[in-house]
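Worksheet for the structure shown next.
We name chains A, B, ... by the order of the sequence lines, and we start the count at 1 in each one. Values below: every heavy atom of this structure, side chains too, minus hydrogens, waters and symmetry copies.
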2 protein chains.
Amino acid sequence: MKENPEGVPAPLIWTRPAPRRRHSPLERDDIVRAAIAVADEGGPQGLTMAAVAKRLGPYTPMALYRHVLSKDGLVDLMLDAVTAEIPLPAAPGADWRADLHTVADGSWAVVKRHLWFAQLAPTRPPLGPHMMRRTEFVLQVLVGRGATLGEAMTYAALLDRHILGSAQQEAEELAMRRRHGIHTPGQLAAAVTAARELAAEGGRHPLLARWMEAPSGPGLDEQFALSLGFLVDGIAARLPRGGPPA
Amino acid sequence: MKENPEGVPAPLIWTRPAPRRRHSPLERDDIVRAAIAVADEGGPQGLTMAAVAKRLGPYTPMALYRHVLSKDGLVDLMLDAVTAEIPLPAAPGADWRADLHTVADGSWAVVKRHLWFAQLAPTRPPLGPHMMRRTEFVLQVLVGRGATLGEAMTYAALLDRHILGSAQQEAEELAMRRRHGIHTPGQLAAAVTAARELAAEGGRHPLLARWMEAPSGPGLDEQFALSLGFLVDGIAARLPRGGPPA
DNA sequence: CTCTTGCGTATACGTCATAAACTCTACCTG
DNA sequence: CAGGTAGAGTTTATGACGTATACGCAAGAG
């Protein structure tokens, strides 16, 4: 990610013509797949040009640049490839709530498989073809029920914030575990204990301390469904009654 | 941020005893203030030990380590310092919705002043004293209305996701502007046009293309208030009627 | 059979965080 | 007051990491 105090804007990979390729053993798709695997295992921290190259076999990091333009370009391709995994109906159906839930739940499932997504997505413009297709679908659903385009975009953004926010929370928990080394369960306990003591310190934060002592409440999946429901209910209340205007 | 494949967990600055200091011209608070100013101007990208040191005057980057332990430690201190800016009632009042709105709106206002907050917060554990105090307040409000501790924590997390998610969206827009150089408004227009053309390409995404052509809908502040309302309404529906159990 | 064209490599540079060793000085102790 | 000591800030060095550049090579086109 080049800083850009006064220069040329860093080119987006989407504005590049698709590379004219001969048979090459290395293909853009292979690279993106490998990069996704690397990030799945090592998180955004582990996502390194060198790591991706190594995973692909006997390649140097520089070989990747021929195919993905830059690391940001690679990330853009990864984000779009993951978005492509989200199942999407061909067209909006009769039940708009079901359509929204399909997209949201599908996104949530996919994003949970690739937790780095939530951490990288907010750093890049959402201009990949699959990302745009997904947004377009949500817009179709909402505009089809009578929302204005501006409202539909608002609701789409609000749902995405919720999805990515939830994933980020899960990602942070995983990162914390990784930070302390998954390898020594004793150290994880020690870290948790330290945090607990911080919270308990001085008797401030009694509720927080009690919760850290014995975390309770629904799991993240349930939390996700719960607030998704809140949001969809809220949207429903603003949609014109009885479907789209004639 | 050290990778930690098998070693000692990176120590948190909160577990460190407060440094016993003599008069030194350089104080932890000065450093944190300077770092916040640097990040306000340059975003997370611009937040560099060297940049902070330079802003402080005739100091070398290494001088900071004496006071803030590591860059992660500095970030933790920055996050907590910004959290301290959020106005918080001393105790929950009679109107729990108003209390939640106070915290949420106050957080939103503060976070908008420091957009990097939304990008850095999800990468660090929320264990600073002011962060914990803020969470404790929200828990008090909700438990005071009859929520279980687990429910209260769920709702608190859900509200925070919304706040940080909204801020991240605004941060991304700013970052995009920065990427293309604020300095040349022509280039911003060019970038927007490029994105527009991507969306319009091939007649897929007609709605998205139309929106990018002429963005409409409420501003982010209104969007924030809107979905905050959705969420608080949802919470209200789950709270036991008529206040806390006797 | 050359000539172009694109692929992978080798090398090098700039930016960053940060470890290690050093210096200086203010204060404390005997 | 001599001498030690514990910070404070500096210097220097190291190791990731992204990526610019220049090169050699092979495969298809004429």
Rounded to whole Å, please give me the gap between [atom1] in [X] and [atom2] in [N].
| X | N | atom1 | atom2 | answer |
| --- | --- | --- | --- | --- |
| B:Leu74 | C:dT18 | CG | P | 10 Å |
| B:Asp72 | C:dA17 | CG | P | 10 Å |
| A:Tyr65 | D:dA22 | OH | C1' | 17 Å |
| A:Asp30 | C:dC7 | CG | P | 14 Å |
| B:Lys71 | C:dC16 | NZ | P | 9 Å |
| B:Leu26 | D:dG7 | CG | P | 16 Å |

Can you confirm whether B:Trp116 sits close enough to B:Ile36 that some side-chain heavy atom of one is under 4.5 Å from a side-chain heavy atom of the other?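 SC-SC contact between B:Trp116 and B:Ile36 confirmed.
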Between A:Arg124 and B:Glu172, does at least one N-O distance fall below 4.0 Å, as a salt bridge requires?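 No.
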Where along residues 54-62 of chain A does a heavy atom come under 4.0 Å from DNA chain C, residue by residue in number order?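 Only A:Pro58, A:Tyr59, A:Thr60, A:Met62 qualify.
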Tell me yes or no: between the side chains of B:Glu85 and B:His114, is some donor less than 3.5 Å from an acceptor?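 Looking only at side-chain atoms, B:His114 and B:Glu85 do form a donor-acceptor pair, the distance falling under 3.5 Å.
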Please determine if a side-chain N or O atom of A:His67 lies less than 4.0 Å away from the OP1 or OP2 oxygen of C:dG6.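 Result: no.
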Please confirm whether the backbone N or O of A:Met131 pairs with a side-chain atom of A:Asp80, one donor and one acceptor, at under 3.5 Å?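 It does hold such a pair.
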Out of D:dC17, C:dG8, D:dT19, which has the shortest distance to the side chain of A:Thr48?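 Of the candidates, D:dC17 comes closest.
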Residue mapping more 5' on DNA chain D - nearest nucleotide basis, A:Arg66 or A:Met49: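 Final value for this comparison: A:Met49.
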Hey, could you give me the CD/CD distance between A:Gln45 and A:Gln119, rounded to the nearest 0.5 Å?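 One finds 8.5 Å between CD of A:Gln45 and CD of A:Gln119.
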Which part of the nucleic acid does B:Leu64 contact within heavy-atom distance under 4.0 Å: base, sugar-phosphate only, or nothing?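 Nothing: the residue B:Leu64, judged by heavy atoms under 4.0 Å, touches no strand.
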Does B:Lys54 have more than 12 heavy atoms from other residues, nucleotides or ligands lying within 6.0 Å of its NZ?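 Counting other residues, nucleotides and ligands, NZ of B:Lys54 stays at 12 neighbours or fewer.
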